[in-house]
Amino acid sequence: MEENENLEALDYESIQEKRSDELMELLDSRNVKELQRRMEEMNEYDVAQFLTELEDNRMPMVFRLLSKDTAADVFANFDTPEQERIINAITDSELAGIVEELYVDDAVDMLEELPANVVKRVMRSATPQTRNLINQYMHFPENSAGSIMTSEYVDLKKYMSVKDSIARIRRIGEDKETIYVCFVISSTRKLEGIVTVKDLLLNDDDTVIEDLMDRNVIFATTTEDQESVSEKFSDYDLMAMPVVDTEGRLVGIVTVDDVIDVMEQEATEDIELMAGMTPSDKPYSRTGPIEMWKNRIPWLMFLMLSATFTSMILTSFEERLSVVAGLIPFIPMLMGTGGNSGGQAATAVIRSLSLGDTEPQDALSVLWKEWRTSILCGLTLAAVNFGKMLLLDRMLLGNANVTVAVAATVSLSIVFVVMFAKLVGSLLPIGAEKVGLDPAVMANPLITTLTDAVSLLIYIFIAKLILHI
C-alpha cells in the first residue's frame, strides 16, 4: 500500500527511473528470479529501454531470462544496433523462435536495417513459410503500403454469426496484430467489408455478419505511397486499414503504430530537406561524421556556388553603390529580410501541402493570399525601418550618410523584396508538388539564395529611381 502511494506521488518518468534502478539492483545482487518476474510484468518497451542501458556482456544474458513471447515483443522495440547485438549473442534456435514470434512488418523493418551477413543468418533461421512471406513483403516498393503492412489480421465471412465470429477471434486472435477491427472477405479473398469487436459484443449471438459489416471500406493498394496511407489514417481516424492487390484481394493491413512511425519518418525527412540536407534513414545519435558529411556537403556546395550570382551582381554595381555610401550597410539586412520572408511562406505552404490542405490546383488562390500578406508585411517593415533609420541611425548614432532619400530607398526596397520573396516561397513548393518532387526540396536554403540575388537587383533598381546613381 505504501509503495503504491509513493508511486502515485511521482510523475511517470520518475516511476520509470525508480523501476530501472530497482531492476539494476536485482541484477547486481543476482536475484535472477525476481528480476525475471519484474520484467515479465513490465511493458515491453520499458524492458527494451532497460536492456539498452546494460553493458554488452550483460544485455544478452538478461534478455535470455525473458519468456519466448515477451522476448519477441521486447526485441521488436530495440533499435537496429541492439537487435544486432542480440542476434550475434544467441543461438540459431533462439533466433528462430524470435523470428517466428515477430509480426511480419516488424521482421521486414529489422531486415531492411541489418547488415547483409546478419540478414542471411536470420533468413536461414526462419521457417520456409516465414521466409517466403518476408521475401514477398520486401519486394514491394520502398515506402509503399505493401512495405509497411502485416499479414497478421482476423478475417471473417459474411455468412458467419456473431457467436461463430467471436469463437474464431478467440481461436486465432492471439497471434494477430489487432483483433479490434476484423475484415470480411469472400471465398476468393476479395475485401467485402469490415466489422469491429464492438459491433460483435453489442449484438445478439445469432446476428449474421453481413447485417453488421460496413461496406464502405477505406483501403489502400500495395503500391500506394505510405504518406498517402498516413493521411487516410488521420482523415478517417482509423486504427487499422486493409491493403488490397490490383484485383481487390485482401493481402494485409496497416496498423496505427506503423503509421505513427511513417509520420515521424516523413516529418524528419521534410525537416532535413528544409534545412538543406539529404535525408538519412538513421537517427542523429547513430550517424557518423563521414555519413553526415555526405548528406550535407552536396547542398552546401550547391548553395555556395549558387551564391556566386549574388557576388557577381554586387561586383557589377559596386561602383554605383559606393557613390551613395549610406546604401551599402543595409544590404545584409535587406537580403536577410527577403530570405526570412520567403522561408515563412515556403514553410507554411509545404506544411499545407503535406497535410493535404492545399493542392497544386490551388496555386492562384495561394499566390493571391500571399501577395496580400506580403503587402501588409512589407509596408509594416518599411514603416518601422524608415523611422528606425532616421531616428536611430541618423539622429542617435550620427550617421550623416543616412538621409531621407536613403531611408526611403531602403524602405521601398523592403516592400518589393518581401513581395517577391513570399510569392516565390509559396510558388516553388507548389511547382515541385506539381512535377512529382517533394515540396520540402524547395525550402529555405534554396529560396534564400534566390531572394538574395533578386533583392540586390531590386535594391539597385530603386536606388537608380530615387537617388539617380
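Along the sequence shown, residues carry numbers from 1. Hydrogens, waters and symmetry mates play no part in the numbers below; they use all other heavy atoms, side chains included.
- Contact detail for Glu152 and Asp175: the closest heavy-atom pair is CG-O, 3.5 Å.
- Inter-residue side-chain proximity for Lys176 and Ile172 is flagged as met; some heavy-atom pair is nearer than 4.5 Å.
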*Worked check of side-chain contact (heavy atoms from CB on, under 4.5 Å) between Asp28 and Met24*: CA-CA 6 Å; Asp28 292 337; Met24 193 65 73; 3.8 Å; yes
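- A distance of 9.0 Å separates CD in Glu40 from CG in Asp69, rounded to the nearest 0.5 Å.
- The shortest distance between side-chain heavy atoms of Met138 and Leu111 falls below 4.5 Å.
- Among pairs with a residue in residues 358-380, those fulfilling side-chain hydrogen bond (donor to acceptor under 3.5 Å, both in side chains) read Ser352-Thr358, at least two apart in sequence or across chains.
- With salt bridges taken as basic N to acidic carboxylate O contacts below 4.0 Å, none links Asp164 and Arg171.
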*Can you check salt bridge (charged side-chain N to carboxylate O under 4.0 Å, His left out) on Asp357 and Arg351, steps first, answer last?*
CA-CA 9 Å; Asp357 178 55; Arg351 186 57 180 161; over 6 Å; no
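- Of all heavy-atom pairs spanning Ala145 and Ala220, the tightest one is CB-CB, 4.2 Å.
- From Ile253, atom CD1 reaches atom OG1 of Thr178 across 6.0 Å, with rounding to the nearest 0.5 Å.
- Using a 4.5 Å cut-off on side-chain heavy atoms (C-beta onward), Leu133 and Gln136 make contact.
- Defined by atom type and a distance below 3.5 Å, a donor-acceptor pair is missing between the side-chain atoms of Ser455 and Asp452.
- Note on Arg19 versus Glu22: no salt bridge recorded, every NZ/NE/NH1/NH2 to OD/OE distance being 4.0 Å or above.
- Counting heavy atoms from C-beta on, the side chains of Val243 and Thr221 never come closer than 4.5 Å.
- Under the rule for a salt bridge (Lys or Arg N to Asp or Glu O under 4.0 Å), Glu112 has no partner lying at least two apart in sequence or in another chain.
- At least one donor-acceptor pair under 3.5 Å links the side chain of Lys232 to the backbone N or O of Phe219.
- Using a distance-only test at 3.5 Å, with no hydrogens or angles considered, a donor-acceptor pair links the side chain of Asn340 to the main chain of Gly336.
- Between Phe183 and Tyr153, the ring planes lie perpendicular to each other; the angle is over 60°, past the 30° to 60° tilted range.
- Arg131 places a side-chain N or O within 3.5 Å of a backbone atom of Met123 that can act as its donor or acceptor partner.
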*Stepwise side-chain contact (heavy atoms from CB on, under 4.5 Å) check, Ile86 with Ile90*: CA-CA 6 Å; Ile86 292 295; Ile90 60 180; 4.1 Å; yes
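- Here the closest heavy-atom approach between residue Ile350 and residue Pro439 is recorded as CD1-O, 3.5 Å.
- For the pair Val254/Val259, a side-chain contact is recorded, criterion being any heavy-atom separation below 4.5 Å from C-beta on.
- Proximity of Leu35 to Arg30: side-chain heavy atoms (C-beta onward) are nowhere separated by under 4.5 Å.
- Looking at Cys182 and Asp155, their side chains never come closer than 4.5 Å, going by heavy atoms from C-beta outward.
- Heavy atoms from other residues, nucleotides or ligands lying under 6.0 Å from CD of Glu34 number more than 12.
- Between Leu66 atom CG and Asp73 atom CG the span is 10.0 Å, to the nearest 0.5 Å.
- To the nearest 0.5 Å, atom CG of residue Leu353 and atom NZ of residue Lys434 are 12.0 Å apart.
- Closest non-hydrogen pair, Gln83 versus Phe75, comes out as NE2-O, 3.1 Å.
- Using a 3.5 Å distance cut-off with no hydrogens or angles, the side chains of Thr127 and Glu100 do pair a donor with an acceptor.
- Ala48 approaches Phe78 most closely through the heavy-atom pair O-CE2, 3.5 Å.
- Across all their heavy atoms, Arg64 and Glu94 have their closest contact at NE-OE2, 3.1 Å.
- Side-chain N or O atoms of Asp245 include one that pairs as donor or acceptor with a backbone N or O of Gly248 at under 3.5 Å.
- Side-chain N or O atoms of Ser20 include none that pairs as donor or acceptor with a backbone N or O of Glu17 at under 3.5 Å.
- Side-chain N or O atoms of Gln36 include one that pairs as donor or acceptor with a backbone N or O of Leu65 at under 3.5 Å.
- Side chain of Ser234 to backbone of Glu231: no donor-acceptor contact under 3.5 angstrom is found.
- Within the 3.5 Å criterion, the main-chain N or O of Ile87 finds a donor-acceptor partner in the side chain of Arg121.
- Atoms CG and CD, on Asp106 and Glu101 in that order, are 12.5 Å from each other to the nearest 0.5 Å.
- A donor-acceptor contact shorter than 3.5 Å is absent between the side chain of Glu44 and the backbone of Thr70.
- Within the 4.5 Å cutoff, no side-chain heavy atoms of Phe140 are placed close to those of Thr223.
- A 6.0 Å sphere centred on CZ of Arg85 holds more than 12 heavy atoms belonging to other residues, nucleotides or ligands.
- Note that the OG1 atom of Thr207 and the CG atom of Asp204 stand 4.5 Å from one another [nearest 0.5 Å].
- Within 6.0 Å of CD on Gln129 lie no more than 12 heavy atoms contributed by other residues, nucleotides or ligands.
- Heavy-atom contacts from other residues, nucleotides or ligands closer than 6.0 Å to CD1 of Ile290 number 12 or fewer.
- Between the side chain of Thr451 and the backbone N or O of Ile447 there is at least one donor-acceptor pair closer than 3.5 Å.
- The side chain to side chain contact (heavy atoms under 4.5 Å, CB included) with Glu192 is formed by just one residue from the set Lys157, Arg215, Lys158, Glu210; it is Lys158.
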